[in-house]
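Below is one structure, written out as structure tokens; comments come after it.
Remember, it's a predicted structure, so these values are computed and weren't measured experimentally. Letters go in sequence order (proteins before strands), and every chain restarts at 1.
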Amino acid sequence: MRVVKTLSLVATAAALAWSLGACSSGNQPGTTGAPSGTPATTAAATGPAPTSTTTPLPTRGDADLVIWADANRTKALQAPLAAWAAQNGIKAVVQTIATDLESNFVTANQAKNGPDIVIGAQDWTGKLVQNNSIVSIQLTATGIVQSAIDAVSYGGQTYGAPYAVETLGLFSNPKLTSVQTPATVEALVAAAKAGVNGTVAENPLCLQVGQTGDSYHMQPFFTSGGGYIFGKNADGTYNTKDVGVGAAGGIAAAKKIGELGQAGVLKTSITADNSIQLFGDSKCAYLISGPWAIQTIRTAKTDFNLAPVPGFEGMGPAKPPLGIQAFFVAANAKNPSYAQQFVSDLLKDTTITAAMNTVDSRVPVQTALADQLKSSDPQLMAFLDFSSAAEAMPNIPAMDAVWGPLNQAEASVVGGADPTSTFTAAGEQITKAIG
Amino acid sequence: MSTSLTPTIAPQSGASAPKERSTGLGAIVVKILFLGTVLAFGIFAAPALIRYKLWLWLVLMVAAIVVIFAIYLTKRFIPGKYLFPGTFFLSLFLIVPIVMTVQFSFTNFGDGARGTKEQTTQSILKNSVQMTPDSVLYHSSVAVVSGGDVANGPFTLFLIDQSDQAGTVLYGTADQPLTTWTGAAPTVTGNVVTAAEGYRILTAAEINTALKTIQNETAVAVPDKPDYFVKVQFGTQAYQAKATITYDQATDTLSGADGKTYPNERVGDSNCFADPSDASGCFQGQSWLQNVGWRNYARLVTNADIRGQFLGAFGWTLTYAIGSVVLTFLAGFALALTFNDRRVKAQKVWRSVFLLPYAIPGFISLLMWSQFFNKDFGLINLVFGTHLDWFGNPLLARIAIFIVQLWIGFPYMFIVCTGALQSIPDDVKEAAKIDGATGLATTFRIVLPLLLISVAPLLVASFAFNCNNFNMIRLLTDGAPVIPGQFTRRSTDILISMIYRQAFGNAGTDFGFASALAVLLFILTGALAAFQFRFTRKLEDLT
């Protein structure tokens with residue numbers, strides 16, 4: 001009995017000693033895997049994916065500035081970021097988050113183990129603000145396309161430092177159509193059906209719809225037909241009480257979209273997976289896509305010309321969606337000063353953005369850089385011209401209620417559903433979901 | 001306590017030799033390492049739990065540690081030593097997630113409601129501080145009085161107007177509004193004050209560390225602009241800023257510079273700073289995590305739209321799960337019967353061939369099949385010369401799902417049935433033959449019932465699995481085709497794929513509501529499985 005008691009005492013003491021040792025050696029900041037009941041930290045378990053980085057993650061203590069980006073931008077940012085950091089005598093890293101960057105960032109920031117800066121798209125702005133994930137910044141630089149700054153503004157404040165722009169353009173295959181710059185959708189269809197010297201394309205137009213719809217790519221036709229998503233208040237903010245999907249304009253656009261579906265110009269069988277490839281394989285006379293399609297088509301060795309997306313005859317101009325890539329400063333940044341300095345320096349001149357462009361070419365928002373690039377890649381820079389007619393999709397959280405119904409309604413109408421009732425129902429659904 | 005302990009243990013430690021051996025040196029070392037690790041984890045995790053105010057988890061953790069020590073350090077709980085590990089991990093990995101899902105289902109957790117009210121208010125207020133067109137931009141330095149605290153201040157700002165060619169040095173503190181510096185001329189390098197008598201200028205790294213404190217506590221007033229103050233942006237830059245939103249603690253209301261007010265009110269299911277001019281109801285859509293009681297469940301029941309769609313999806317889930325099990329079982333059973341016959345040559349080769357679909361990773365075959373069914377470019381329409389819009393028609397889409405399910409699922413049933421068939425002794429079949437049963441009768445009256453005894457539980461498991469076969473639906477059709485006029489559910493959505501879209505899909509994240517759906521799904525699936533297991537018990541009565 002006494003032996004047992006003594007042994008227990010010794011064991012307890014030894015356990016205490018061992019545990020103290022274990023504590024002092026294994027205690028690293030940032031690895032606090034606190035099992036917790038709060039939503040944020042629970043989701044964090046599935047959140048940031050440090051395993052997907054190509055280099056081992058440095059701990060927060062090592063780096064004075066941490067940026068999260070997708071793989072392409074990480075590659076592009078590496079060299080210019082290192083140069084900037086060296087100039088300021090600090091250590092900066094950019095880390096790849098391979099999937100779900102936006103939600104991973106929101107979760108990690110909430111759990112206070114996120115980065116200082118994240119590179120994302122302008123349509124994240126509203127949701128990031130809604131989730132207290134980013135802070136407003138001050139852009140003092142000049143020579144930036146105004147629509148780019150507007151696109152990353154929310155509630156009257158600027159939240160991101162924009163650096164690249166994306167929009168949709170009309171690709172045409174000179175072997176399958178003789179009209180490279182059709183003035184209207186009708187002219188486009190006629191030219192595609194006429195073909196060149198008896199060669200008629202299998203598909204007049206590759207515009208990804210899919211079974212569940214793609215309102216981003218449908219936006220030029222939707223706006224040309226008179227559709228809009230939200231009306232605007234006098235001060236330029238979106239009026240979420242004015243939903244355009246089920247309104248007269250939206251229904252008029254739906255009818256035109258339905259007609260194209262009936263005529264076999266728009267097809268639910270053309271999806272995000274096959275549309276660019278089909279054009280590359282010369283199976284489509286025209287393709288509506290963005291600058292990201294250029295590489296695939298060039299690889300397929302198919303000639304192409306670029307033109308603005310046309311509107312319907314006798315209707316409004318087509319307004320393709322404007323996409324902006326921007327740097328956002330995290331609300332729980334560990335290095336707020338360096339983060340603010342970086343986004344401020346980014347647009348002061350073109351040093352960083354030009355260096356990024358040599359690795360990952362994108363259409364810049366700085367006019368000075370755009371002018372430089374015009375001679376080297378005119379096809380890519382054509383998208384800058386298209387972007388002047390483009391309109392950013394709203395970046396407000398209410399868009400969450402829009403995407404699903406609008407996508408589905410467009411897919412249904414392309415598939416032959418009644419435009420009026422389908423879009424009326426979609427409009428009602430959006431209004432109801434917003435509250 | 002100790003009196004009852006003494007008699008039970010004393011004879012043991014004295015009498016039985018094996019018991020004595022368990023306190024040998026090796027066992028003690030293992031015990032020390034194990035208990036030490038447990039304690040280390042506790043000491044390591046406790047501060048974090050306290051910091052995040054997770055009292056329940058703290059109590060549970062301490063309780064678990066005490067229990068572990070009690071079990072493994074005393075001799076009173078011998079069965080506990082064996083039962084504890086299994087129970088512990090069951091609770092941790094199975095019961096905790098269920099409990100947490102139930103917890104979430106009573107909150108509004110989701111986009112706009114992730115943080116606390118305090119965080120939301122602070123975020124709104126901070127983001128509202130901005131430059132206006134007539135704001136002045138400064139080259140700035142942050143300083144403390146020589147020997148002062150560089151982390152906590154009080155700080156002094158040295159500023160030079162960026163548009164001022166003369167480079168006049170201004171300064172200010174929390175109490176001292178912005179004014180021209182009249183002391184000994186400071187050193188200015190690259191437009192920035194780098195040294196001043198009686199002051200220590202902070203380095204970029206020090207400012208980086210203390211930026212939030214500097215911004216919060218050193219709002220230098222601007223004399224001729226009453227609403228403005230100087231805000232340090234980063235190491236070397238500051239600007240005149242103005243807050244456009246203010247918060248009144250007493251009335252719990254935000255007020256905008258434009259005179260609008262946003263009172264804390266309930267909008268929809270939860271509270272936020274209500275914005276009457278915005279249809280979504282909350283100021284910038286921002287709310288905070290809060291308890292919403294039964295409102296998520298109420299939404300499920302009272303919203304006719306959601307209720308109808310839930311029931312619709314539930315109906316198809318059942319059809320799909322039952323259909324999948326029946327189809328794959330029939331195919332697998334038929335093939336197993338055929339290829340179990342000794343007259344079939346090269347049995348092993350055939351069996352290997354049949355396993356191929358099982359060997360291909362499921363998500364690859366699903367993505368492949370989803371391309372095959374494309375109306376205009378898909379292999380199936382191409383080969384058969386048809387022009388069927390597989391994923392555009394609800395009936396065809398369901399048929400397509402069953403076709404793929406059959407392809408993916410039959411090898412499993414084939415293996416299971418082959419194994420079960422081989423365990424049925426031949427003499428049973430011979431006896432049936434002698435009794436005059438035909439081959440068909442033998443199969444259905446003798447072989448099948450015997451087979452079902454061992455296979456039925458697997459069929460139930462397969463049913464439960466298919467009830468939640470998310471990959472299948474998500475990767476093959478993603479619910480397509482869409483139903484015109486319905487936006488929560490698509491034609492081929494099973495409950496879990498519908499819930500997924502609700503929680504993570506385009507419609508923004510609404511974890512609270514999705515959790516309520518998941519709880520309901522959990523109850524439904526559980527009830528169905530329980531019912532079926534009761535049914536299979538009847539089969540066992542055959543033996």
So which atom in B:Asn208 and which in A:Ser337 form the shortest heavy-atom distance, rounded to 0.1 Å? OD1-N, 3.2 Å
Under 3.5 Å: donor-acceptor pair, side chain of A:Asn131, backbone of B:Asp111: no
To the nearest 0.5 Å, how far apart are CD1 in A:Ile137 and CE in B:Met131? 12.0 Å
Side-chain contact test, heavy atoms from C-beta onward, threshold under 4.5 Å: evaluate it for B:Thr244 versus A:Gln157 and give yes or no. yes
Side chain from CB out, backbone as N, CA, C, O: work out which of these in A:Asn203 comes under 4.5 Å of a heavy atom of chain B, or both, or neither. side chain
Where does B:Tyr239 contact chain A at under 4.5 Å (heavy atoms): side chain, backbone, both or neither? side chain
If you tally heavy-atom pairs under 4.5 Å between each of A:Ile90, A:Thr268, A:Val129 and chain B, the highest tally belongs to A:Val129
Give a yes or no answer on whether the side chain of A:Tyr338 reaches the backbone of B:Phe234 with a donor-acceptor pair at less than 3.5 Å. no
In this structure, CZ of B:Phe487 is separated from CG of A:Leu406 (nearest 0.5 Å) by 9.5 Å
Atom NZ of residue position A:Lys112 - does it have more than 12 heavy atoms of other residues, nucleotides or ligands inside 6.0 Å? no
Side chain, backbone, both or neither of A:Ile134 within contact of chain B (heavy atoms, under 4.5 Å): backbone
Taken to the nearest 0.5 Å, the spacing of B:Ile483 CD1 from A:Ser412 OG works out to 9.5 Å
Within the structure provided, determine whether B:Asn127 and A:Tyr154 are in side-chain contact (heavy-atom separation under 4.5 Å). no
Does any donor atom in the side chain of A:Gln341 or B:Gln237 lie under 3.5 Å from an acceptor atom in the other side chain? no
Is it the backbone or the side chain of B:Gln130 that comes under 4.5 Å from a heavy atom of chain A, or both, or neither? both
Among B:Ala46, B:Gly479, B:Gly268, B:Gly115, the residue with the most heavy-atom pairs under 4.5 Å to chain A is B:Gly115
Heavy-atom cut-off 4.5 Å, strictly under: side chain, backbone, both or neither for A:Tyr159 against chain B? side chain
If you look at every heavy atom in B:Ser123 and A:Asn132, which pair is closest and at what distance? OG-OD1, 3.3 Å
For B:Phe377, is it the side chain, the backbone, both or neither that has a heavy atom under 4.5 Å from a heavy atom of chain A? side chain
Heavy-atom cut-off 4.5 Å, strictly under: side chain, backbone, both or neither for B:Val129 against chain A? backbone
Any donor-acceptor pair under 3.5 Å from A:Gln211 side chain to B:Pro481 backbone: no
Measure distances from B:Ala113 to the heavy atoms of chain A and classify the residue's part below 4.5 Å as side chain, backbone, both or neither. backbone
Report yes if some heavy atom in the side chain of A:Gln408 is under 4.5 Å from a heavy atom in the side chain of B:Arg490; otherwise report no. yes
Per-residue contact mode, A:Ala331 against chain B (heavy atom under 4.5 angstrom): backbone
One option among B:Gln122, B:Lys212, B:Lys375 has the most heavy-atom pairs under 4.5 Å with chain A, and it is B:Lys212
Using a 4.5 Å cut-off on heavy atoms from C-beta on, say whether the side chain of B:Arg114 contacts that of A:Thr107. yes
Shortest non-hydrogen contact from B:Asn374 to A:Ser269? ND2-O, 2.8 Å
Please look at A:Asn233 and chain B and tell me whether the side chain, the backbone, both or neither of the residue comes under 4.5 angstrom of a heavy atom of that chain. neither
Specify which of B:Ala241, B:Ser128, B:Ala480, B:Gly378 makes the most heavy-atom pairs with chain A at under 4.5 Å. B:Ser128
Please determine, among B:Val96, B:Leu211, B:Ile214, B:Thr477, the option with the most heavy-atom pairs under 4.5 Å with chain A. B:Leu211
Does some side-chain heavy atom of A:Gln138 sit less than 4.5 Å from a side-chain heavy atom of B:Gln233? yes
Under a 4.5 Å heavy-atom cut-off, does chain B meet the side chain of A:Asn274, its backbone, both or neither? side chain
Counting only heavy atoms closer than 4.5 Å, note whether B:Gln371 contacts chain A via side chain, backbone, both or neither. side chain
Min side-chain heavy-atom separation A:Lys267-B:Asp376 under 4.5 Å: yes
